[in-house]
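Report on the following structure.
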Amino acid sequence: MRLLLLLIIIGVAAYFTVPAREAHEEAAQAFLQTLTQEETGEVQAQTGISLDGVVDFVTGMMAGQGRFETYYLASKYTLDTPGAAYLECWGAFTFVQCRRVDRGVGAA
């Protein structure tokens with residue numbers, strides 16, 4: 001009985017703390033900025049490309065391009081990026097975690 005009550009309390013807490021679309025977009029932007037900084041660190045030193053220009057390009061590219069889904073206890077945000085990868089963010093209990101997913105060779 002106690003376990004059932006605990007599961008109900010956790011479910012209610014999860015329902016009322018599902019992150020909104022804005023939280024997912026902010027987490028995706030932060031993730032992409034750190035990813036961009038890591039990938040362009042060496043390129044900037046060699047070619048002189050400014051990091052601000054790359055970050056502006058990525059931020060402009062992702063404006064309004066994502067797909068938000070809510071599953072009542074959790075939420076998902078998917079963002080297509082150029083190339084063979086996309087960004088996937090999952091959120092629950094006001095926390096959002098993003099990761100980069102590489103598509104398979106035969107995937108569309």
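Residues passing the side chain to side chain contact (heavy atoms under 4.5 Å, CB included) test with Y86, sequence neighbours excluded: T78, D80, E88, V101, R103. Under the side chain to side chain contact (heavy atoms under 4.5 Å, CB included) criterion, V18 pairs with T70, S75, sequence neighbours left out. A search for side chain to side chain contact (heavy atoms under 4.5 Å, CB included) contacts involving R67 returns E69, not counting sequence neighbours. Checked against side chain to side chain contact (heavy atoms under 4.5 Å, CB included), T34 has no partners two or more places apart in sequence or in another chain. Residues satisfying the side-chain hydrogen bond (donor to acceptor under 3.5 Å, both in side chains) criterion with Q97, sequence neighbours excluded, are absent altogether.
Scanning all heavy atoms of the two residues, the minimum distance from L73 to Y15 falls at CD2-N, 3.8 Å. Taking every heavy atom of both residues into account, R100 and L35 meet most closely at CD-CD2, 3.8 Å. What you find for H24 and G91 is that their closest heavy atoms are CE1-N, 3.5 Å.
V12 is not connected to L6 by any chain of hydrophobic side-chain contacts under 4.5 Å among Ile, Leu, Val, Met, Phe, Trp and Tyr, and they are in different clusters. In terms of hydrophobic clustering, with Ile, Leu, Val, Met, Phe, Trp and Tyr side chains grouped at heavy-atom distances under 4.5 Å, V96 and Y77 are assigned to different clusters.
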Self-check item: Residue pair K76, F68: steps toward the side chain to side chain contact (heavy atoms under 4.5 Å, CB included) verdict
Solution: CA-CA 6 Å; K76 179 182 174 184; F68 180 75; over 6 Å; no
Exercise. Could you walk me through whether Y71 and W90 pass side chain to side chain contact (heavy atoms under 4.5 Å, CB included), step by step?
Key: CA-CA 10 Å; Y71 300 110; W90 285 90; 3.8 Å; yes
Exercise. Mind running side chain to side chain contact (heavy atoms under 4.5 Å, CB included) on F93 and I10 for me, showing each step along the way?
Key: CA-CA 10 Å; F93 297 106; I10 290 172; 4.0 Å; yes
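The salt bridge (charged side-chain N to carboxylate O under 4.0 Å, His left out) contacts involving residues 4-14 comprise nothing, where partners must be two or more places apart or lie in separate chains.
Taking CG from L79 and SG from C98, the interatomic distance works out to 9.0 Å, rounded to the nearest 0.5 Å.
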